[in-house]
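Everything below concerns the one structure shown next.
Predicted model, so just to flag it, every value in this text is computed and none were measured. Chain naming here is simple, since letters A, B, ... match the order of the sequence lines and numbering starts at 1 in each.
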Amino acid sequence: MSILEISGLAKVYASGTVALSDIDLTIQRGEIFALLGPNGAGKTTMIGIICGLVTPTRGTVIVDGKDFRQSYRKVRRKIGLVPQELHTDAFEKVIDTIRFSRALFGKAANPAFIEELLRDLTLWDKRDAQVQELSGGMKRRLMIAKALSHEPDILFLDEPTAGVDVELRRDMWRMVRRLRERGVTIILTTHYIEEAEEMADRVGVITGGKLILVEEKQVLMRKLGRKRLTLNLDTPLTAIPVELAEWRPELAAEGHELVYEFDARAEKTGVPSLLRRVSDLGIGFSDLNTRQSSLEDIFVELVHNGQTA
Amino acid sequence: MSDNNLRGVWAIYKFELARFRRTFWTSLVLPVLTTALYFIVFGSAIGSRMGDVGGTSYGAFIVPGLIMLSMFTESISNSSFGIYMPKWTGTIYELLSSPLSAFETVLAYVGAAATKSVIIGIIILATSTFFVEPRVDHPVLMMGMMILIAIAFCLFGFIIGIWAKNFEQLQVIPLLVVYPLTFLGGAFYSINMLPPFWQTLTLFNPVVYLISGFRWTFFGAGDVSIAVSMGALALFLAICLGVIFWMFRTGYRLKS
Ligand SMILES: Nc1ncnc2c1ncn2[C@@H]1O[C@H](COP(=O)(O)OP(=O)(O)OP(=O)(O)O)[C@@H](O)[C@H]1O
Ligand SMILES: [Mg+2]
């Protein structure tokens, strides 16, 4: 069942910048969706429109069966937003800002829930501190706590791990998974491919305001994934033998490795024939391995093609 | 069940009043001090050489004007600041993404700012009793008008807060427009004291009608009739509400 349906969404800013052009996207209930794209791709704009910060030029958004304009109250009660930038008050106490956020979304006070939330985000010890006394990472967690304070069904995380250290990033990933277990749908944007790879069920690639691809992460990696065969040679080579030229392999590790990249989807991957030719030539190797290319490789390829197309 | 978010309104109202509470003493001392200074200078030093104005001692005569002067500036600055700050810090994202209607947003911010203005108005009135004999002919009407004028100027301040792109713009209207208009609007004199030409010109100053009406609730007499004053106040309220309605509908300087 879909929880979010975006259709024909477009945004042209007053400056004339076309930030989004005709986005169609459906998000399934309970999934983690990663929106991947370079700077200025339109990720923040898209989230801004859904959350009521940006007025769309065209298009509609349906959240849990409700139009986001006609039923804005119902829609917004379901949504939590963690924006890309750190925007916080300065003088308020941490716990007061969380209580405020919950009330702002029309929810009755619930001290037990707030305590659990703050403990989950390891902010409980800081509950009586002024917001300005928090570190950047703590402020980011505070913003997550604010977004979750009204128990939303959908959580938007706009680059949640920007400027966050490795440990906190792992904490955040864990938190996102816990939320998913509770049935929260999560839409996150990121520049970090590893993040999408680690977290997402599905990945959308956006560039130049166009959604150029939406795919199950597994399928995406399988479908688009190129593989790399690496042979660890017994004796290093100084040049590629002409007999191997048709495979166009490369040498790595100062001639100790022969690397061949191939399309895992192709009928003829070229691997068996290459190996046969290598042994015919009497080139010895002690080990071999193949590696699936990461989302990063895929991403770079896609964005590159998208821009040249 | 009617669809509303009164909890959200209450949350903002409390938040804003808490902000005022942090600066409680300065915001309390300032109007009291200003009032005292005005009374010393205008009430005692100059006022003793002035005759009565329409049967009222000059000291008592300026009380409504003094209250208005402080309330105008306080209303505008508090209300404009209240909505400008979240815009400036960026925390407005939360307000915009919340299930709050435009009316509720205005109710919360303007309500809080107006509350503070009314408190200050009452404090000034109380301070004045140390210097002059208080006399309020129509106390209920006086309170009603004080509240409505506070609301009107808080709405006006709200508009400025949304419109302003920087702190300078936030200050410029209160200092360059409202303060002079109030000063020239009969806060410290009856417009009957002016030469005929200036009397006519003064009638184009909207603040005249508000001060006159407020003064009427004290002494039963004003520069213009109370009905005209009420009409002017209603018009001012209506214009501010109209502008705010338009701002929210178009997302003017709130949304991109
Ligand atoms: N308020 C605005 N006014 C005018 N143009 C804007 C505004 N906000 C964004 N843009 C432009 O719209 C385009 C998309 O911006 P957006 O912030 O949505 O990108 P993004 O994918 O979130 O980028 P990043 O990864 O850097 O956060 C950019 O060209 C940007 O310059
Ligand atoms: Mg962004």
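- The shortest heavy-atom contact between A/Arg73 and B/Ser101 is NH2-CB, 3.4 Å.
- In B/Trp88, the CH2 atom is not crowded: 12 or fewer heavy atoms of neighbouring residues, nucleotides or ligands sit closer than 6.0 Å.
- Contacts between A/Phe100 and chain B at a heavy-atom distance below 4.5 Å involve backbone atoms as well as side-chain atoms.
- Across B/Asn5 and A/Arg77, no two heavy atoms sit closer than the pair CB-NH2, 4.0 Å.
- Considering OG of B/Ser98 and NE2 of A/His150, their distance stands at 9.5 Å, rounded to 0.5 Å.
- B/Ala11 and A/Leu104 make their closest contact through CB-N, 4.2 Å (heavy atoms, listed as atom of the first residue, atom of the second, distance).
- Contact annotation: the side chain of A/Phe105 approaches that of B/Pro99 to within less than 4.5 Å [non-hydrogen atoms, C-beta and beyond].
- A salt bridge is absent between A/Glu92 and B/Arg19: the closest approach of a Lys/Arg side-chain nitrogen to an acidic carboxylate oxygen does not fall below 4.0 angstrom.
- Per-residue counts of heavy-atom pairs under 4.5 Å with chain A were compared for B/Thr89, B/Ile92, B/Leu254; the largest is that of B/Thr89.
- Other residues, nucleotides and ligands contribute over 12 non-hydrogen atoms within 6.0 Å of the OH atom of A/Tyr13.
- Of the two parts of B/Tyr93, the backbone and the side chain both hold a non-hydrogen atom closer than 4.5 Å to a non-hydrogen atom of chain A.
- Atom CZ of A/Phe91 is surrounded by 12 or fewer heavy atoms from other residues, nucleotides or ligands within 6.0 Å.
- Pairs of residues two or more places apart, or lying in two chains, that qualify as salt bridge (charged side-chain N to carboxylate O under 4.0 Å, His left out) and include a residue from residues 107-117 of chain A are A/Glu115-A/Arg119.
- The NZ atom of B/Lys14 lies 9.0 Å from the CZ atom of A/Arg99; values are rounded to the nearest 0.5 Å.
- More than 12 non-hydrogen atoms from other residues, nucleotides or ligands lie less than 6.0 angstrom from OH of B/Tyr252.
- More than 12 heavy atoms of other residues, nucleotides or ligands lie within 6.0 Å of NZ in B/Lys87, so this atom counts as buried by the packing criterion.
- Chosen from A/Gly48, A/Ser101, A/Ala109, A/Ala147, the residue pairing most often with chain B at heavy-atom distances under 4.5 Å is A/Ser101.
- Both the backbone and the side chain of A/Thr55 come within less than 4.5 Å of a heavy atom in chain B.
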